[in-house]
Amino acid sequence: MRGKIFFIIIIFIFSNSDAQVKEIFEPPVKLSAKEDHARIMKLLGMESIRRGPSGNPEDSNYANVDESKASPYTSLPDPLIFNNGEKVTSSEMWLKKRRSEIVEEFEREIYGRLPSNIPKVNWEVTKVENSFIENIPVIKKHLLGKVDNSIYPLLNVEIKATLVVPQKIKEPVPIMIHLAFDLSLFPNFDLSKLPPDFYKWQSQLLNNGWGFVELIPTSFQEDNGGGLTNGIIGLCNLGKPRKLDDWGTLQAWAWGASKVLDYLETDKIVDARKVGIEGLSRYGKAALVTIAFDTRFAIGFIGSSGAAGAKLHRRIFGEQIENIASEYEYHWMCGNYIKYAGQLTANDLPVDSHELIALCAPRPIFIGVGSPEVEGNWIDAKGMFLAAVHAAPVYKLLGKKDLGVSEYPAMGTKLISGDIGFHQHFGGHTNAPNWETFLEFAKKYIE
């Protein structure tokens, strides 16, 4: 009898309207970034975190920019040593065992784990138009990835992206996925104030026979701690706050890029074997996480990613763990990351950023950055260069070439002869001056 009553209830629920179905779900928990940050610290048994340095040179706690004080930690985790002390001596050992060991530590302690219940994304081409970009005839496909929200109907999640390819193509084209800031979020911003080369990268790619995708990461996961019970993270958690090792926003944005690649694999105008990922600043961090974890991506262009990106955590120069772990940026990471700004330090991390770059091997990776006189020291160009240097043993183990140098080069020096590329341009916090160098680097792999 009890089973029959249960069956009747189920029939009743699914025979009623969507509005009635939604009534059986609790609404998303509403927490501000400050409240959620405090909640995580309580879970970690922490009362406070260390204060992060300031990026303002006039502040008393301005971030260190003195090279003599930058390296208090004298050793880095060795990517070619297993956790049990055994040495990696072959590419097979790296690819089948050691790589997954490092991935586990990044997921558990830094970027968070992807949940097992991520729903399917159904892609639609909502509009196709013929257009021009700097007199180049192009086809634009407006894409919408609708995430199945049947597990939690109170949240609707959609991935917004636009695919652009040259009109005159004879064969499938390579694609760069560009993680794009949504300028529509700034309705009062005067677009005429953008630098004249802001969109030049588009014509540069098209003139080289490539296409591109503009992906809006904030369309499916907000860039703030108060949004963690919404978006794809909130959907998978049924509107509840995260556990300590749940994925952060960088992983969520990387997931979205991977879902775009899923679509590109179905589009006949795209050569899905030649899809790269590019981003600047926080999106540079997300681009690096994307190519490190999803081995389908063929190449990466990582721009000014700094702390929590390509910069070594163990280097005390510019932005630090304490800044990333604060209530303003903690949402990029998993909850466990915050403890390294409290009772633990960067030296206690089981991995560091050179190993994140190493996860990209054997695929080519290009790291770009601007001038400290224009961009500032916050990004720590040398910290990213050193991470690339220390990723080299893995590349060489897999039969690839490193940077070719281990000494920090003069600004403007192009290090693009190997499979790890590095170039510090003379401009500011932008990838625009580096697209030409990236394409020079990339043509060795993608034509």
Side-chain angles (χ1 to χ4, degrees), residues 55 111 161-162 164 175-186 189 191 193-205 210 212-219 221 223 249-254 256-257 260 275-292 297 299-311 318-319 323-324 328-329 332 353 356-357 360 364-381 383-385 387-388 411 421-439 441-442:
Y111 299 112
T162 305
V164 180
I175 295 290
M176 284 296 289
I177 297 177
H178 166 72
L179 301 180
F181 291 90
D182 186 356
L183 295 179
S184 70
L185 297 176
F186 308 95
F189 181 76
L191 294 179
K193 292 183 179 180
L194 290 172
D197 62 353
F198 188 78
Y199 289 110
K200 186 180 178 182
W201 62 272
Q202 297 180 349
S203 60
Q204 287 175 299
L205 281 169
W210 296 49
F212 62 86
V213 169
E214 283 199 287
L215 169 62
I216 307 296
T218 50
S219 65
Q221 188 59 55
D223 188 11
T249 304
L250 294 180
Q251 275 278 37
W253 290 340
V260 171
V275 175
I277 182 81
E278 175 268 342
L280 172 75
S281 195
R282 65 197 63 192
Y283 291 160
K285 305 178 203 296
L288 182 53
V289 172
T290 302
I291 187 172
F297 282 88
I299 194 168
F301 176 2
I302 314 304
S304 297
S305 60
K311 162 188 159 64
E319 189 174 23
N323 300 103
I324 303 294
Y328 306 103
E329 298 179 356
W332 294 340
S353 298
L356 189 64
I357 297 172
C360 303
I365 189 86
F366 177 85
I367 297 168
V369 64
S371 162
E373 293 182 0
V374 185
E375 185 176 37
N377 284 297
W378 192 245
I379 302 299
D380 187 13
M384 291 185 285
F385 168 80
M411 193 165 60
F422 180 87
H423 184 237
Q424 185 175 14
H425 62 74
F426 290 90
H429 196 55
T430 171
N431 278 344
N434 251 342
W435 272 100
E436 182 179 354
T437 305
F438 166 74
L439 286 167
F441 170 76

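If you read the sequence from its start, that first residue is 1, and numbering goes on from there.
Under a 3.5 Å cut-off, the side chain of His425 and the backbone N or O of Thr430 do form a donor-acceptor pair. Put simply, the side chain of Tyr283 never gets that close to the backbone of Gly303: no donor and acceptor are under 3.5 Å apart.
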(message) Under the criterion side chain to side chain contact (heavy atoms under 4.5 Å, CB included), I'd like the reasoning laid out for Trp435 against Asp197: C-alpha separation, chi angles, the key distance, then a yes or no.
(response) CA-CA 11 Å; Trp435 272 100; Asp197 62 353; over 6 Å; no
(request) Apply the test side chain to side chain contact (heavy atoms under 4.5 Å, CB included) to residues Asn431 and Glu278: give CA-CA distance (whole Å), side-chain angles for both, the deciding distance (0.1 Å), then the verdict. (result) CA-CA 9 Å; Asn431 278 344; Glu278 175 268 342; 2.7 Å; yes
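The two residues Glu375 and Ser304 have their closest heavy-atom pair at OE2-OG, 2.6 Å. The minimum heavy-atom distance linking Gln221 with Ala252 is given by the pair CG-CB, 4.0 Å. Taking every heavy atom of both residues into account, Ala161 and Val213 meet most closely at CB-CG1, 3.9 Å. Contact detail for Ala286 and Ala254: the closest heavy-atom pair is O-CB, 4.1 Å. Of all the heavy atoms in Ile277 and Ala257, the pair that sits closest is CD1-CB, 3.9 Å. When all heavy atoms of Ile291 and Gly300 are compared, the pair lying nearest together is CD1-N, 3.4 Å.
In this structure, Ile379 and Lys311 have side chains that are not in contact, with every pair of non-hydrogen atoms separated by 4.5 Å or more. Counting only heavy atoms from C-beta outward, the side chains of His423 and Pro433 never approach each other to under 4.5 Å. Looking only at side-chain heavy atoms (C-beta outward), Glu319 and Ile324 come within less than 4.5 Å of each other. Looking only at side-chain heavy atoms (C-beta outward), Val369 and Asn434 stay at 4.5 Å or farther from each other. In this structure, Ile357 and Ile302 have side chains that are not in contact, with every pair of non-hydrogen atoms separated by 4.5 Å or more. Contact check for Leu215 versus Trp253: no side-chain heavy atoms found under the 4.5 Å cut-off.
Here CD1 of Ile365 is found 5.5 Å from CG of Leu288. Values are rounded to the nearest 0.5 Å. The CE atom of Met384 sits 10.0 Å away from the OG atom of Ser353 when rounded to the nearest 0.5 Å. Separating the OG1 atom in Thr290 from the CD1 atom in Ile177 is a distance of 8.0 Å, to the nearest 0.5 Å. Interatomic distance, Thr249 OG1 to Trp332 CH2, rounded to the nearest 0.5 Å: 9.0 Å. Note: Tyr328 OH to Asn323 CG = 11.5 Å, rounded to the nearest 0.5 Å. A distance of 10.5 Å separates CZ of Phe301 from NE2 of His178, quoted to the nearest 0.5 Å.
Around CD of Glu214, the count of heavy atoms belonging to other residues, nucleotides or ligands within 6.0 Å exceeds 12.
The salt bridge (charged side-chain N to carboxylate O under 4.0 Å, His left out) analysis of residues 282-292, with sequence neighbours excluded, yields the pairs Asp223-Arg282.
In this structure, the ring of Trp201 has its center less than 6.0 angstrom from the ring center of Phe212.
Using bins of under 30°, 30° to 60° and over 60° for the plane-to-plane angle, the ring pair Phe438/Phe441 lands in the tilted bin.
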